[in-house]
Protein chains: 2
Amino acid sequence: MRSDRMSETLLPKRIALPVFASDALSSVAYAPDEILLTLGMAGGALALTQSWKIALAVAFVMIIVVMSYRQNVRAYPSGGGDYEVATTNIGPKAGLTVASALLVDYVLTVAVSVSSGVQNAGAAFDFVRGHEVIVACVIVLALTAMNLRGVRESGRAFAVPTYLFMVTVIGMAIFGLFREVTGTLPAAESASLELAPETGYEQIGAVAMVFLLLRAFSSGCAALTGVEAISNGVPAFRKPKSQNAATTLLMMGLISISMLLSMIALAHWTGVKFADDPAQQLLRDGVPVGEEYVQDTVMGQVAKSVFSEVHAGVVIVSIVTGLILILAANTAFNGFPVLASILAKDGYLPRQLHTRGDRLAFSNGILILAAAAAVLIFIYDAKVTALIQLYIVGVFVSFTLSQIGMIRHWNRHLALERDPSERGRMMRSRVINGIGATMSGTVLVVVLLTKFTHGAGFAVAAMALLYAIMLGIRRHYDRVSEELSVEEGETRHQLLPSRVHAIVLVSKIHKPTLRALAYAAATRPSRLEAVTVDVDPDETKALQDEWDRRGIPIALKSLESPYREITRPVVDYVKSIRSGNPRELVVVYIPQYVLGHWWEQVLHNQSALRLRTRLLFTPGVMVSSVPWQLESAEGAEERLDGPVAGDVRRGEGMVQR
Amino acid sequence: MRSDRMSETLLPKRIALPVFASDALSSVAYAPDEILLTLGMAGGALALTQSWKIALAVAFVMIIVVMSYRQNVRAYPSGGGDYEVATTNIGPKAGLTVASALLVDYVLTVAVSVSSGVQNAGAAFDFVRGHEVIVACVIVLALTAMNLRGVRESGRAFAVPTYLFMVTVIGMAIFGLFREVTGTLPAAESASLELAPETGYEQIGAVAMVFLLLRAFSSGCAALTGVEAISNGVPAFRKPKSQNAATTLLMMGLISISMLLSMIALAHWTGVKFADDPAQQLLRDGVPVGEEYVQDTVMGQVAKSVFSEVHAGVVIVSIVTGLILILAANTAFNGFPVLASILAKDGYLPRQLHTRGDRLAFSNGILILAAAAAVLIFIYDAKVTALIQLYIVGVFVSFTLSQIGMIRHWNRHLALERDPSERGRMMRSRVINGIGATMSGTVLVVVLLTKFTHGAGFAVAAMALLYAIMLGIRRHYDRVSEELSVEEGETRHQLLPSRVHAIVLVSKIHKPTLRALAYAAATRPSRLEAVTVDVDPDETKALQDEWDRRGIPIALKSLESPYREITRPVVDYVKSIRSGNPRELVVVYIPQYVLGHWWEQVLHNQSALRLRTRLLFTPGVMVSSVPWQLESAEGAEERLDGPVAGDVRRGEGMVQR
């Protein structure tokens, strides 16, 4: 993809919505489950009376956050998102905190979404059950491959299922509402069961009750993740970028809220019982149902009630839900590499990450994200309820710092702005961001309080570790840059070496050696000598004889090697030259075989490589590799440039910056 | 270790015996077990009546093989052993077959000995049971570490336990014989049990019976492995090398036979019952003893009878047996790297294997052997009876080809020799080797027939694979050597490049860039230019401005990169120069950071490395790395030369041979 054609890959709103919003929308597949099962820990009554209140609270937070972020995308169309906002307005450390939080949450988005998708698929496809981890890892692999091919293809591939999901869920809600109003909505299978409190929750006091409600709210807030995806992805929108992003954000918020409330309402009407520990908590005629009981997701149970006569409807809901969740993971595949690239540009991550493959996919970032998510899925056995405990912390850290940053942003602009109508707009924005900051800060405290010991602590630790690593990398780059910087006017301080002493390493007389001698001679050094290391006196003697017989007009020097080493005698010799003539530049010419296959490389060049590495540590020495292309190397060049390897390998970053 | 001090590390006979013979001697710890359990498959009666006959047959083969090998070590004092004998007298393919067989068997020696050692240790140390694989792998690791430190230390460390083992076993045999004669030898614990036939062996015909006897004999022949170790290790003996090696060989054979016969006799007298599947086959009052029954090794059961009143005796036998087995694995650690080195010298293995570290240990070979043995232990769960099925094939392939080679050796020498007394000696030797060849060939056929489907097939497959790989490597080296060889008198055919075009790659103006420019200028090329790749127009503009402002007197050329790549534009540019002027040599100078830690390397030089690799494929181009040593690189040089890493890394082979 040429730079001048990049604009063609920009996304229209109808494609941007599924690409960036699938995460937020898909959470309706697990957020209601988590609300119900958390409330259900204290028994069925609490879930029945409180679930809709919790859902409304989540919806309220969602509205505030969406309103706040509409201010962000307008003020910062460059797509730095929360990281840029926090860095610019609060400072680099706040920005780095946001970045750490978001990176961790991107990984969790992939892990949670794919795991939930696999669980949903299990309802329709029996063979998935018992192999969740493997199936989830295969899906992560497939997503990786798709994303390595580029953003544009991703957008198109993901639009259809996302829209299908919206239509399916909203359709199910409308049909369910119709049946409820007409009194024809059947009860869920689990409606007849009794939901007993979990051990330890039989009799809980008021404080514990409030805590449980807050914990349910925290879990429900999983519905809010992904809101920031759009603000990070503004540059991928068509113009007017900010306006389109803000509109998409609003659409996403409204659809998301409708879906969440619909699902809670349908679960309420159909009497779904959903438990954290179904085998023990769910009672049939007073007896626990036991391990054989398979607890379908809330989405699955509701679908079975609403489409009680149309079984195809149930299957479609199950498949579409599984698909959207898997695609939701793609949000992270879009967001993570962009953020990693920005961080790499700012020196917080290795420079290789600040680069694109030929198809505009940020290959390295995609690979890292996929690997980390696969590890999480493996550790947590692809269990959504376990993974969800680590989730959300990062997003709310990011929300809060970003909104605080926005307040400062408006403060700064208000200090300069004189136009009253413009000032009015800014002050309105500041109020919205202020409410957003207060709200997200409160939720963050609630999440940390209720979930820290349940897993959120690990997420915080991961963020702290990432923070420390990224700060370390930045300090390293700063130190190196400082060490290498050249004072203005200091350009010529580098003393030009007065003489060049060329050394050609010889072990045998063959074409590569002769080429190395010819090339070395062509550079017309002040002094040119061939050098061999005397590891075996007989071989050295034979070499010297052949050298003389062939009449090679360059002196062959033999270096003693009492310990039968190669590297050390050469390094010592080079050092002895340098110490006698500090202004003499030593150039060591090493013949090198170039072969076509990696396994051929194993059979050659090993000593040469070791020597080269070692010589690089010696000041005043330059190492020249004189390549000899063997026949097997022909065509290998094309292989290196081939469509698959080339996409990933080519064009990864600037030399030496 | 300096070359001129090598003779000081040569081994006297009293040290050479434990170093090279521990393999053969230690097999007394498992060979009787395998004979008894194989016979026992058809019930207790067969084991009772046939075991001593089988043992005598094995002892007879041992005598023949030892006599034959005494001829080998006298005729070939250089230590090529079977490989050298087969190659010289039959041909390279026979030699390579022997080499493949021996390499596989060395690996099996380590796996079998360590596994058996761990099983024996289990009798004394309960905590080992259930963790056999891990303990075995730790022991392999420990052996690896010891051997990387060198032969001399190994010899001393291994002498004491080997002698202890001999004294212990022979002492036990004498004490047992005394108690048997005086009628005070108690029966073994398992003597009261009934040994039932294994399922499928209840009623077997004459052919199947003969087959079972032959299989027991095959397993018993495990006692013969290790005989060839001495013939491979002749150069490690003190002078007169051949005479000392032959004497050591004879001693080893006699001790080994005495031990084997003693153990079988003691097992017979104490009435030991030893089963392949003890839980099912061993009956107490007609009922199988079941999975709880722990079957001690034959050595352990015999010791418990002989030292019935002296429990310390039992513990000592157990510990000493465990130790000798672990040390037996060391034979392979001595033999494998020597053989690998010889094969590498002949071009059948990568050249890195034909080299020594500072302490005369063949580091690479040791590491490969250890890794392969650990894999086998892991796959076969450290079970001796399973591993033993793969064993021995290789040794007898080697024995047979070697003895055939020896017959040809004497034929050749007899054709030239005129002295009657010398001829008489040669003809006697030829008769001995003839008997050896016939005997080992017969045993090989028996082993293949009786064990092929039980596991020997895998060993044969591994040998075939190794054979194919080694032949492939040799052909590769031959092809390369052919391709690179220079005709006599052709030395000056290499056209001297007429002009040198130097290109310095620039991404930023800093000290490494300035040094690269200075070094490039010092070589006084015909043409010198600085080149940058235009990935970002703004950055390129800024670079150009700074370049001009600083007044750097070399033109800076900017290469277009519509796809934001680095590598391709540079390669294309270099190619365009070459195509215009085929006799012009292009030298590309790449500034390179030299840092002290591997993780720092990850943060730098990635693009430079990729570009360097790619440019090596382009003919007529030389790549010069201009190193810049950062502060962190100081001291790293010393780390590379440090005592641990240095020993392994330094001096591994000639450059480019």
Of B:Leu615, B:Val626, B:Val623, the largest count of non-hydrogen pairs under 4.5 angstrom with chain A goes to B:Val623
Comparing B:Thr513, B:Leu585, B:Leu349 against chain A, the one with the most heavy-atom pairs below 4.5 Å turns out to be B:Leu585
Applying a strict 4.5 Å limit to non-hydrogen atoms, the region of B:Val570 in contact with chain A is neither
Bottom line for A:Arg499: the part with an atom under 4.5 Å from chain B's heavy atoms is neither
Max heavy-atom pairs within cutoff under 4.5 Å with chain A, candidates B:Met622, B:Glu483, B:Arg524, goes to B:Glu483
Exercise. Short question: side chain of A:Gln629, backbone of B:Thr618 - any donor-acceptor pair under 3.5 Å?
Worked result: yes
Give the intermediate values and the outcome of side chain to side chain donor-acceptor pair (under 3.5 Å) for residues A:Arg612 and B:Ser625.
CA-CA 9 Å; A:Arg612 193 178 164 276; B:Ser625 301; 2.5 Å; yes
Given the options A:Leu616, A:Leu484, A:Val480, B:Trp628 meets side chain to side chain contact (heavy atoms under 4.5 Å, CB included) only with A:Leu484
If one checks every heavy atom of A:Val621 against chain B at 4.5 Å, the contacting part turns out to be backbone
*asked:* Using side-chain heavy atoms (C-beta onward) and a distance below 4.5 Å, is B:Ser485 in contact with A:Lys511?
replied: no
Checklist entry - Under 4.5 Å between any side-chain heavy atoms of B:His476 and A:Leu595, yes or no? => result yes
Turns out that what part of A:Val594 lies under 4.5 Å from chain B's heavy atoms comes down to side chain
